[in-house]
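Here's the structure we're looking at; comments come further down.
Order of the sequence lines sets the chain letters (A, B, ...), proteins ahead of strands, with each chain counted from 1. Note that the structure is predicted; figures quoted are calculated from it, not measured.
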2 protein chains.
Amino acid sequence: MTTGGISGWQSVQDEVLRRIHTRQWKPGDTIPNEAELSLEFGCARATVNRALRNLAEMGLLDRKRKAGTRVALHPVRKATLDIPVIRRDIEAKGFAYRYSLISRSMREPPIDVRGRMQTRQGDRLLHIKALHMANGRPYVFENRWINPKAVPQALDVDFETNSPNEWLVANIPFEGGDITFSAKTSGQEDAHVLDCGEGEGLFIIDRSTWSGGQIITSVRLTFAPGYRMHTEL
Amino acid sequence: MTTGGISGWQSVQDEVLRRIHTRQWKPGDTIPNEAELSLEFGCARATVNRALRNLAEMGLLDRKRKAGTRVALHPVRKATLDIPVIRRDIEAKGFAYRYSLISRSMREPPIDVRGRMQTRQGDRLLHIKALHMANGRPYVFENRWINPKAVPQALDVDFETNSPNEWLVANIPFEGGDITFSAKTSGQEDAHVLDCGEGEGLFIIDRSTWSGGQIITSVRLTFAPGYRMHTEL
DNA sequence: ATTGGTATTATGTATATACATAAAGAGCTG
DNA sequence: CAGCTCTTTATGTATATACATAATACCAAT
């Protein structure tokens with residue numbers, strides 16, 4: 001039978017994918033509409049819709065009302081990264097996790113942090129420096145600012161045994177945030193804390209999270225040399 | 001009215017989100033099942049399903065058949081990154097794009113590349129080095145290997161005016177791949193090509209793509225200092 | 001030719017219904 | 001009590017139908 005086993009939206013998706021890969025449908029082409037495809041595949045339009053919607057989410061199809069569905073000209077593939085809790089990240093790799101607090105204080109942040117956290121001059125924030133270790137080796141240096149106006153409970157936590165990373169994830173829900181990935185050259189503090197040389201390239205994640213219109217926290221994670229963040233697409 | 005305007009799966013999603021954020025439903029809690037929620041919200045179960053499925057995809061809910069739906073204990077937030085064509089990335093930032101080919105040759109790859117590309121000893125690959133510039137400044141150094149067995153057409157392209165990045169995206173469909181993000185310390189070649197100092201931290205993207213069981217290409221993108229990759233969650 | 005309104009059309013969503021499937025839990029058996 | 005089946009149950013999916021909405025295409029009036 002020519003239809004093989006086309007049943008279920010996944011099969012429809014697979015068949016559409018096949019046609020794209022074999023260039024039966026080339027980038028820029030408008031493909032048949034949902035009604036036609038449902039007829040061809042012998043399934044309901046909703047099933048075709050589910051498949052095409054999914055492919056559009058993956059960035060392989062462009063869909064517009066009335067205009068129809070076309071194969072994406074520039075397949076802007078979307079890689080989805082998991083942003084795990086650091087302890088779980090380390091443990092998932094089979095390493096022993098250890099945590100140690102470096103410092104904890106209230107202070108006025110430098111101007112760049114003030115901008116990111118949208119606080120006024122003179123506002124003091126909770127500042128925490130901590131180190132996460134894998135098998136006894138420094139893994140990532142956590143440099144975090146917490147807004148006490150948004151998270152007053154944080155003032156009662158000493159962060160001696162629990163990292164702010166973990167405490168926040170477990171206790172403070174957030175609505176959204178933004179992440180920036182970059183690289184920097186290790187300075188004196190980095191080299192000291194991460195036990196590496198000065199002038200090494202380090203992987204950086206800067207993250208701010210907000211909820212209810214307030215910035216909750218802003219953190220810089222500085223990873224030890226050799227860190228790699230992997231994903232598939 | 002207490003229900004406000006709960007209609008449409010997005011409203012259902014918003015309401016569920018609200019209950020999570022207000023801790024009415026705490027991490028680990030099992031929430032009412034689809035049938036109950038559809039009754040409460042006065043909509044069809046399919047509508048609730050759509051909303052909850054979406055939230056599960058975002059990593060906020062854990063769903064299992066029979067076990068029910070619960071609020072994720074460790075909200076592994078998924079950040080989706082766009083992986084654009086370099087030229088579009090640069091142009092989107094409002095910079096003038098320029099491209100220049102550095103070298104093009106057939107050669108046997110070093111052992112690490114041979115591993116990534118799954119080729120045998122003695123197999124020769126097409127090796128291309130190229131530079132992408134933004135407003136005349138080096139932006140990213142493209143160091144690519146192409147498998148001529150998978151992409152024989154590439155042998156007829158000189159890549160003088162079109163980057164392999166762009167040519168491949170436009171001409172060779174791929175099924176999947178993997179990406180690794182990391183940082184490295186600039187060496188002599190990096191410093192020369194990217195016009196920066198030696199010993200600077202550089203952002204690295206390593207990507208391999210495959211189709212039909214064959215590795216098509218493997219590339220290392222070395223970004224000039226200051227590059228940042230941004231996303232929201 | 002430009003403007004502007006209207007008809008057309010493909011996707012987007014909601015609905016009730018039905019059946020499939022995974023997995024937990026009960027109950028049975030050795 | 002370990003190990004097995006069977007039942008129960010919540011999610012997963014497919015279906016036909018209906019209506020909503022965005023965006024194009026067409027036609028008329030200026």
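For DNA chain D, the neighbouring residues in residues 54-65 of chain A, judged by any heavy atom under 4.0 Å, are K64(A), R65(A).
Considering only side-chain N and O atoms, T47(B) lies under 4.0 angstrom from the phosphate OP1 or OP2 of dT15(C). A sub-4.0 Å separation between OP1 or OP2 of dT11(D) and a side-chain N or O of T69(B) is present.
The shortest side-chain heavy-atom distance between H230(B) and R228(B) does not fall under the 4.5 Å cut-off.
K66(A) has its NZ atom 11 Å from the C1' atom of dA22(D), to the nearest Å. Taking atom CZ of residue R50(A) and atom C1' of nucleotide dA14(D), one finds them 11 Å apart after rounding to whole Å. In this structure, CG of L52(B) is placed 9 Å from P of dG12(D), rounded to the nearest angstrom. Whole-Å rounding puts the Q10(B) CD to dA20(D) P distance at 18 Å. Rounding to whole angstrom units, CZ of residue R70(A) and P of dT11(C) are separated by 12 Å. Here the C1' atom of nucleotide dA14(D) and the CZ atom of F41(A) are 16 Å apart, to the nearest Å. If you measure from atom CG of L39(B) to atom P of dA10(D), you get 14 Å, rounded to the nearest angstrom.
Among dT15(D), dT24(D), dT11(C), the nucleotide with an atom closest to any side-chain atom of A67(A) is dT24(D). For R45(A), the side-chain atoms get nearest to dG12(C) when compared with the rest of dA22(C), dG12(C), dT15(D).
With sequence neighbours excluded, no residue forms a side chain to side chain donor-acceptor pair (under 3.5 Å) with D29(B).
The residues E91(A) and R88(A) are annotated as not salt-bridged, no charged nitrogen and carboxylate oxygen being separated by less than 4.0 angstrom.
The distance from the NZ atom of K26(B) to the CD1 atom of I31(B) is 14.0 Å, given to the nearest 0.5 Å.
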